[in-house]
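Structure first, then comments.
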Amino acid sequence: MSWGTELWDQFDSLDKHTQWGIDFLERYAKFVKERIEIEQNYAKQLRNLVKKYCPKRSSKDEEPRFTSCIAFFNILNELNDYAGQREVVAEEMAHRVYGELMRYAHDLKTERKMHLQEGRKAQQYLDMCWKQMDNSKKKFERECREAEKAQQSYERLDNDTNATKADVEKAKQQLNLRTHMADENKNEYAAQLQNFNGEQHKHFYVVIPQIYKQLQEMDERRTIKLSECYRGFADSERKVIPIISKCLEGMILAAKSVDERRDSQMVVDSFKSGFEPPGDFPFEDYSQHIYRTISDGTISASKQEGGKVDAKTTVGKAKGKLWLFGKKPKGPALEDFSHLPPEQRRKKLQQRIDELNRELQKESDQKEALNKMKDVYEKNPQMGDPGSLQPKLAETMNNIDRLRMEIHKNEAWLSEVEGKTGGRGDRRHSSDINHLVTQGRESPEGSYTDDANQEVRGPPQQHGHHSEFDDEFEDDDPLPAIGHCKAIYPFDGHNEGTLAMKEGEVLYIIEEDKGDGWTRARRQNGEEGYVPTSYIDVTLEKNSKGHPGEIFTTYWRKVGCKTI
């Protein structure tokens, strides 16, 4: 099947068909381009989505530790890789399909234009041959008519008796001339006709079939190119399917890695305080005062004294236990992490020791490398000056000594907290004791109790009496005073955790108001409690009431230097 033989008279139709083929090729190229844009936008949106939900890791403490979080972040990483594969698909389509189509379309237009120009030239040449043949034919026909007229004129004069011999001879010469010209035009017409027939045969059986064959081959190559691009369009995505499958498998493995038991254990490790649960409250018998008699004065006095001690012991225990259910003090973070519960403090100290050990190892490796380099310089002076390494070596030694001191100090704190945690599970820092105070039924830090009998109304315990409360907290250090205050109004301090004061009384400030309207204060005899901030005139200063030495000693013991 050939266009040259079957479509010899369909030049215009083939012109339109080849133009449609190129238009279709460019339309498919436009489709591929839009698909590439979709893939690129899809990959971009996926990457933005991953970036949006990835954690902002400003410190190591914020790194995900729960298996569910780690699995989610692994899924985000796999999704980011998946987005990268979509970009690969777009690049492959752009290079293998779209770029190839655009180059081929340009070449196809050039080739089609050349073939059509050859066809038009052949048609123009055939038209020119036909016109030459037609002109010779018309000229021959015209000369034949003129010769016929000359024949009729000669015959008319030859038969006319009145015509002169000269007129007859002239008409005869005119006839011979016209007849000769007619014969010449006849031969010219015959030659032109033969030439046109040859050119026409050559045009329709040689030239046009060859041109149409080239157009047919061009159109078939266009079809083949489309087929290859269709295949490349699919192969661009099929090539990345194995990698995409691995990304999806990675997501499935991430989902399988979620361990609810491990996450629960991490919650315990993260929030475990190390304290023991509060014990039972003892029964306080206030009815003993009803049965007191005059004759039993001595016995009643001993009972009353015993009652006071029990009440204070009860209050001390209550204070020590109830703070666990309130908010923790919001003081600044201390170097020895003593503001944290024992278990969390132990973990923080252990983490710091591990980090310091890693730094120490790096410094030791650097020291060893510098010593080796120094030995090389001493053996080979041309390689360098050994003295140039001395400042760096001295700096490294200082860093090693500093890190060892830090490690020793933190290990001392760690052994201290481990000893306290093992010996007395619910022993707490003195800054956390008496932290639960109530105004009505609610404390300044937000804790709550329903038992009105837990309110403290008795005087503070004297140093001469040793109760269970004193034995339990005798190792803890008082908070340093940060200033002093003067009572503007009297305050009875009936609620638990509060401190009664008289108008004009001067107290030490050991903790500022945290925004709840209460300030923590202490008398000279050591009694501490919360007073309303609006009832006092506060003056913050370092050395209050002539006790700079006590404050300085307490402060340095507070930050962990008591072992020096």
Side-chain angles (χ1 to χ4, degrees), residues 35-94 235-274 327-328 330 332-335 337 339-363 365 403 406-407 410 414 417:
R35 170 65 189 277
I36 291 171
E37 292 175 354
I38 290 174
E39 290 290 345
Q40 291 174 342
N41 292 332
Y42 180 47
K44 182 179 180 181
Q45 290 176 0
L46 285 179
R47 289 193 182 277
N48 290 337
L49 181 66
V50 171
K51 184 178 179 181
K52 178 180 178 181
Y53 285 93
C54 273
K56 305 297 186 297
R57 298 183 181 180
S58 58
S59 64
K60 293 183 179 180
D61 295 336
E62 297 180 5
E63 293 183 359
R65 296 175 298 131
F66 296 105
T67 58
S68 57
C69 296
I70 295 174
F72 175 61
F73 297 136
N74 289 336
I75 289 174
L76 289 178
N77 291 332
E78 296 294 344
L79 187 61
N80 191 60
D81 295 341
Y82 177 83
Q85 296 308 309
R86 303 318 306 181
E87 291 176 346
V88 171
V89 171
E91 293 175 0
E92 185 72 13
M93 287 184 178
D235 288 341
S236 299
E237 187 160 359
R238 187 172 63 179
K239 286 182 179 180
V240 302
I241 286 179
I243 303 178
I244 291 177
S245 299
K246 290 183 180 179
C247 294
L248 298 177
E249 290 175 1
M251 295 181 186
I252 294 175
L253 291 176
K256 291 181 179 179
S257 66
V258 176
D259 188 352
E260 68 280 3
R261 296 289 184 181
R262 184 178 175 185
D263 286 357
S264 298
Q265 184 61 39
M266 285 185 179
V267 174
V268 174
D269 295 339
S270 299
F271 303 113
K272 182 179 178 181
S273 66
K327 294 183 180 179
K328 296 179 181 180
K330 299 180 181 179
L334 300 177
E335 184 184 5
F337 301 111
H339 61 286
L340 297 177
E343 183 65 21
Q344 301 302 320
R345 182 187 181 192
R346 183 190 64 78
K347 288 176 59 179
K348 290 289 186 180
L349 289 172
Q350 187 62 52
Q351 290 176 3
R352 180 187 287 174
I353 291 172
D354 294 340
E355 293 176 359
L356 292 173
N357 282 324
R358 286 192 292 269
E359 294 180 10
L360 179 62
Q361 184 62 38
K362 291 181 181 178
E363 295 292 337
D365 294 341
L403 290 173
E406 289 291 330
I407 292 173
N410 283 274
L414 181 62
V417 71

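Residue indices begin at 1 and follow the sequence shown. Values below: every heavy atom of this structure, side chains too, minus hydrogens, waters and symmetry copies.
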Look up atom [atom1] in [X] and atom [atom2] in [Y], then write down how far apart they are to the nearest 0.5 Å.
X	Y	atom1	atom2	answer
Arg358	Leu356	CZ	CG	9.0 Å
Leu403	Asn410	CG	CG	11.0 Å
Arg346	Leu349	CZ	CG	9.5 Å
Glu87	Tyr42	CD	OH	12.0 Å
Leu414	Arg352	CG	CZ	11.5 Å
Leu253	Ile75	CG	CD1	10.5 Å

A side-chain contact here means heavy atoms from C-beta on lying under 4.5 Å apart; do Thr67 and Ser257 qualify? no
Do Asp354 and Gln350 have a side chain donor and acceptor closer than 3.5 Å? yes
For Phe66, is there any backbone N or O sitting under 3.5 Å from a side-chain donor or acceptor partner on Asp263? no
Using the side chain to side chain donor-acceptor pair (under 3.5 Å) rule, collect all pairs that involve residues 75-86, keeping only residues at least two apart or in two chains. Glu39-Arg86, Arg47-Asn80, Arg86-Glu237
Got a salt bridge between Asp365 and Lys362, using NZ or NE/NH1/NH2 to carboxylate O under 4.0 Å? no
Check against side-chain hydrogen bond (donor to acceptor under 3.5 Å, both in side chains), Gln265 and Asp269: CA-CA 6 Å; Gln265 184 61 39; Asp269 295 339; 3.1 Å; yes
In terms of heavy-atom contacts, Ala71 and Ala254 come closest through CB-O, 3.0 Å
